[in-house]
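Quick notes on the structure that follows.
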Amino acid sequence: MKINRNENIAIISDIHSNHISFETMYEIMRKKDVDKIVFLGDYLSDCPYPMKTVDIIMRIRSEYETYFIRGNREDYLIDYHDNKPDWSSPTGRGSLRYTYENMDKSIIDFYKEMPLKIELDDFIFCHASPKSNTELMHVGNKNVDDWLKRARKNIICGHTHVKADYKIYGKRMINPGSVGISFDNAKKGSFGIIKIRDDYFEFEFIEYDYDYLKLYAEFKNSGLFDISGYWAKAVYENIMTGKPMTSYMLKDAFSQARQAGIEGDIIPEFFWGKAAEKYGIGDLND
């Protein structure tokens, strides 16, 4: 990948199988003067019908110069494909299991080819941080300052589902937000465009509306609500509220389990249910 002056690079992150938002984003992007596209990872999982998202990705790939970063969701699916860890927990792993069972397994090879980062000129493109696709890079966290001081390059990342444009040490950490599941704006998606100029660059955030009610119908009709326990319901609450309901529920369920003396990653459904009730994540099938 080579960055040329006076070109525009679209930055797309965290689609999470929300093909309805992704299709809307694609139509908006087509009207922009975009030369290249960098995808920052987390393409599939959490929303219904993952192959519809893959179809859009492949369409874009045939029309634009595209680059792909591997996110944590890709690593989860690679690990399941290769090692078959225990994904029997409905809320804990049901959504991921649904994604794996409904995707073309050849996508795993595509995932394995993706790098954790692309470092070029004055930029580092990554999913979460330059060395990890799970590290949280929130504005105000010390690790963001540390990374910008250490890297001495602009870091373009996703993972948090929260838009950001933060500058220190003469460099910027930019997060375009999430196409699929926004944690900072209800019922909307977002992406961004880097506009390279002679001796500087600009970043444009683009937020847009999409048909979230159509997405809700797909959650119900796909069976994803049934296979994934409380998780898919929390994902839809993320979308409707613009708040990280899955993160709240996850943290609370793990805390309850630890207090009950339960260790490990497999949390009994009882604790997920109590956490869901605490945050008002109800039965969306009603």
Side-chain angles (χ1 to χ4, degrees), residues 1-15 25-26 28-43 57 60-61 63-75 110-111 113-179 182-184 189-207:
M1 177 180 177
K2 180 181 179 182
I3 295 179
N4 301 307
R5 298 297 129 183
N6 299 311
E7 71 177 5
N8 299 325
I9 305 171
I11 307 297
I12 300 170
S13 192
D14 295 283
I15 302 164
M25 187 231 78
Y26 167 69
I28 294 169
M29 184 185 70
R30 287 180 63 203
K31 298 173 184 176
K32 302 286 185 178
D33 184 19
V34 169
D35 301 291
K36 296 180 175 72
I37 302 171
V38 178
F39 288 87
L40 299 181
D42 279 12
Y43 308 96
I57 289 173
I60 292 174
R61 195 182 185 194
E63 297 173 355
Y64 291 90
E65 184 177 337
T66 53
Y67 300 88
F68 297 88
I69 301 293
R70 192 171 79 246
N72 56 302
R73 286 299 201 270
E74 286 72 70
D75 277 350
F110 183 35
Y111 284 172
E113 295 173 355
M114 296 177 184
L116 286 176
K117 66 177 179 179
I118 296 174
E119 190 166 350
L120 193 65
D121 294 349
D122 206 26
F123 297 92
I124 299 175
F125 301 94
C126 54
H127 178 65
S129 80
K131 284 196 174 181
S132 167
N133 60 16
T134 59
E135 184 176 357
L136 292 170
M137 298 275 280
H138 284 294
V139 174
N141 287 4
K142 182 177 181 298
N143 64 326
V144 176
D145 289 11
D146 291 344
W147 269 116
L148 289 173
K149 183 176 182 180
R150 187 186 327 165
R152 295 294 181 183
K153 293 190 176 187
N154 300 292
I155 298 174
I156 314 298
C157 59
H159 187 53
T160 65
H161 298 221
V162 176
K163 297 181 297 298
D165 188 351
Y166 174 71
K167 184 174 182 179
I168 194 171
Y169 304 119
K171 300 300 177 185
R172 292 159 71 180
M173 185 277 287
I174 297 175
N175 187 320
S178 172
V179 168
S182 175
F183 284 0
D184 62 358
S190 69
F191 70 108
I193 298 177
I194 299 176
K195 300 178 179 182
I196 306 294
R197 300 301 177 251
D198 288 336
D199 56 358
Y200 68 98
F201 74 93
E202 300 172 345
F203 192 87
E204 178 186 4
F205 289 98
I206 301 170
E207 292 185 312

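Along the sequence shown, residues carry numbers from 1.
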Worksheet item: Got a donor-acceptor contact below 3.5 angstrom from the S190 side chain to the P176 backbone?
Response: yes
Discussion item. Does F191 form a side-chain contact (heavy atoms from CB on, under 4.5 Å) with I28? I'd like the steps, not just the answer.
Written reply: CA-CA 10 Å; F191 70 108; I28 294 169; 4.1 Å; yes
Worksheet item: Got Y67 and K36 here, is their nearest side-chain heavy-atom distance under 4.5 Å?
Response: yes
Practice prompt. List the steps, then state whether salt bridge (Lys or Arg N to Asp or Glu O under 4.0 Å) holds for E7 with K195.
Written response: CA-CA 6 Å; E7 71 177 5; K195 300 178 179 182; over 6 Å; no
Practice prompt. Answer yes or no: is there a side-chain heavy-atom contact under 4.5 Å between I3 and I9?
Written response: yes
Worksheet item: Measuring from C157:SG to I11:CD1, what's the distance to the nearest 0.5 Å?
Response: 11.0 Å
Worksheet item: Can you tell me how far the CZ atom of R150 sits from the CG atom of N143, to the nearest 0.5 Å?
Response: 9.0 Å
Worksheet item: Which pair of non-hydrogen atoms, one from A10 and one from V34, has the smallest distance, and what is that distance?
Response: CB-CG1, 3.9 Å
Item to complete: Find the distance between CE (M114) and CG (L40) and round it off to the nearest 0.5 Å.
Response: 11.5 Å
Worksheet item: Hey, are N175 and T160 close enough side-chain-wise for a donor-acceptor pair under 3.5 Å?
Response: yes
Worksheet item: Less than 6.0 Å separating the ring centroids of F201 and F203?
Response: no
Fill in: K163 and E207 ion-paired at < 4.0 Å
yes
Response to the item:
Distance col, row K117:NZ vs S132:OG, nearest 0.5 angstrom, shows 12.0 Å
Discussion item. Is there a salt bridge (Lys or Arg N to Asp or Glu O under 4.0 Å) between K171 and D122? Walk through the geometry before answering.
Written reply: CA-CA 9 Å; K171 300 300 177 185; D122 206 26; 2.8 Å; yes
Fill in: 4.5 Å side-chain heavy-atom contact, L148 and M173
yes
Worksheet item: Does any non-hydrogen side-chain atom of S13 lie less than 4.5 Å from one of D42?
Response: no
Worksheet item: Is I118 close to I69 at the side-chain level, that is, under 4.5 Å between some pair of heavy atoms?
Response: yes
Worksheet item: Is E63 reaching over with its side chain to a backbone N or O of I60, donor-acceptor style, under 3.5 angstrom?
Response: no
Worksheet item: So, F68 versus F110, ring centres under 6.0 angstrom or not?
Response: yes
Worksheet item: What are the two closest non-hydrogen atoms of V139 and A164, and how far apart are they?
Response: CG2-CB, 3.8 Å
Worksheet item: Checking side-chain hydrogen bond (donor to acceptor under 3.5 Å, both in side chains) for the pair N72/H127: CA distance, chi angles, key distance, verdict?
Response: CA-CA 8 Å; N72 56 302; H127 178 65; 3.0 Å; yes
Worksheet entry | Residues R73, D14; criterion side-chain contact (heavy atoms from CB on, under 4.5 Å); working and verdict | CA-CA 9 Å; R73 286 299 201 270; D14 295 283; over 6 Å; no
Worksheet entry | Mutual orientation of the aromatic rings belonging to F123 and F125 [parallel < 30°, tilted 30-60°, perpendicular > 60°] | parallel
Discussion item. Just verifying a value: how many Å separate E74 CD and Y111 OH, rounded to the nearest 0.5 Å?
Written reply: 5.0 Å
Worksheet item: Stepwise, does the salt bridge (Lys or Arg N to Asp or Glu O under 4.0 Å) test hold for D146 with K142?
Response: CA-CA 6 Å; D146 291 344; K142 182 177 181 298; 2.8 Å; yes
Worksheet item: After noting the C-alpha distance and the side-chain angles of I155 and M137, does the key distance pass the side-chain contact (heavy atoms from CB on, under 4.5 Å) rule?
Response: CA-CA 10 Å; I155 298 174; M137 298 275 280; 4.2 Å; yes
Discussion item. The test is side-chain contact (heavy atoms from CB on, under 4.5 Å); show your working for W147 and I124 and say whether it passes.
Written reply: CA-CA 11 Å; W147 269 116; I124 299 175; over 6 Å; no
Worksheet entry | Shortest non-hydrogen contact between V144 and H138, atoms and distance | CG2-O, 3.2 Å
Item to complete: Return yes if some donor-acceptor pair links the side-chain N/O of R197 with the main-chain N/O of N6 below 3.5 Å, else return no.
Response: no
Worksheet item: Heavy-atom distance under 4.5 Å between the side chains of R70 and F39, does that happen here?
Response: no
Practice prompt. Spell out, as yes or no, whether a donor-acceptor pair under 3.5 Å connects the side chain of N154 to the backbone of R172.
Written response: yes
Worksheet entry | Check: H159 side chain, L136 main-chain N or O, donor-acceptor pair, under 3.5 Å | no
Fill in: Validation row: L116, C126 side chains within 4.5 angstrom (heavy atoms)
no
Worksheet entry | Heavy-atom check, side chain of N8 versus side chain of I194, under 4.5 Å | no
Worksheet item: Between V179 and I12, what is the shortest heavy-atom contact and its length?
Response: CG2-CG2, 3.7 Å
Response to the item:
To the nearest 0.5 Å, atom CD1 of I174 lies from atom CD1 of I156 at 4.0 Å
Worksheet item: Taking atom types as modelled, is there a side-chain donor on Y166 or D145 under 3.5 Å from an acceptor on the other?
Response: yes
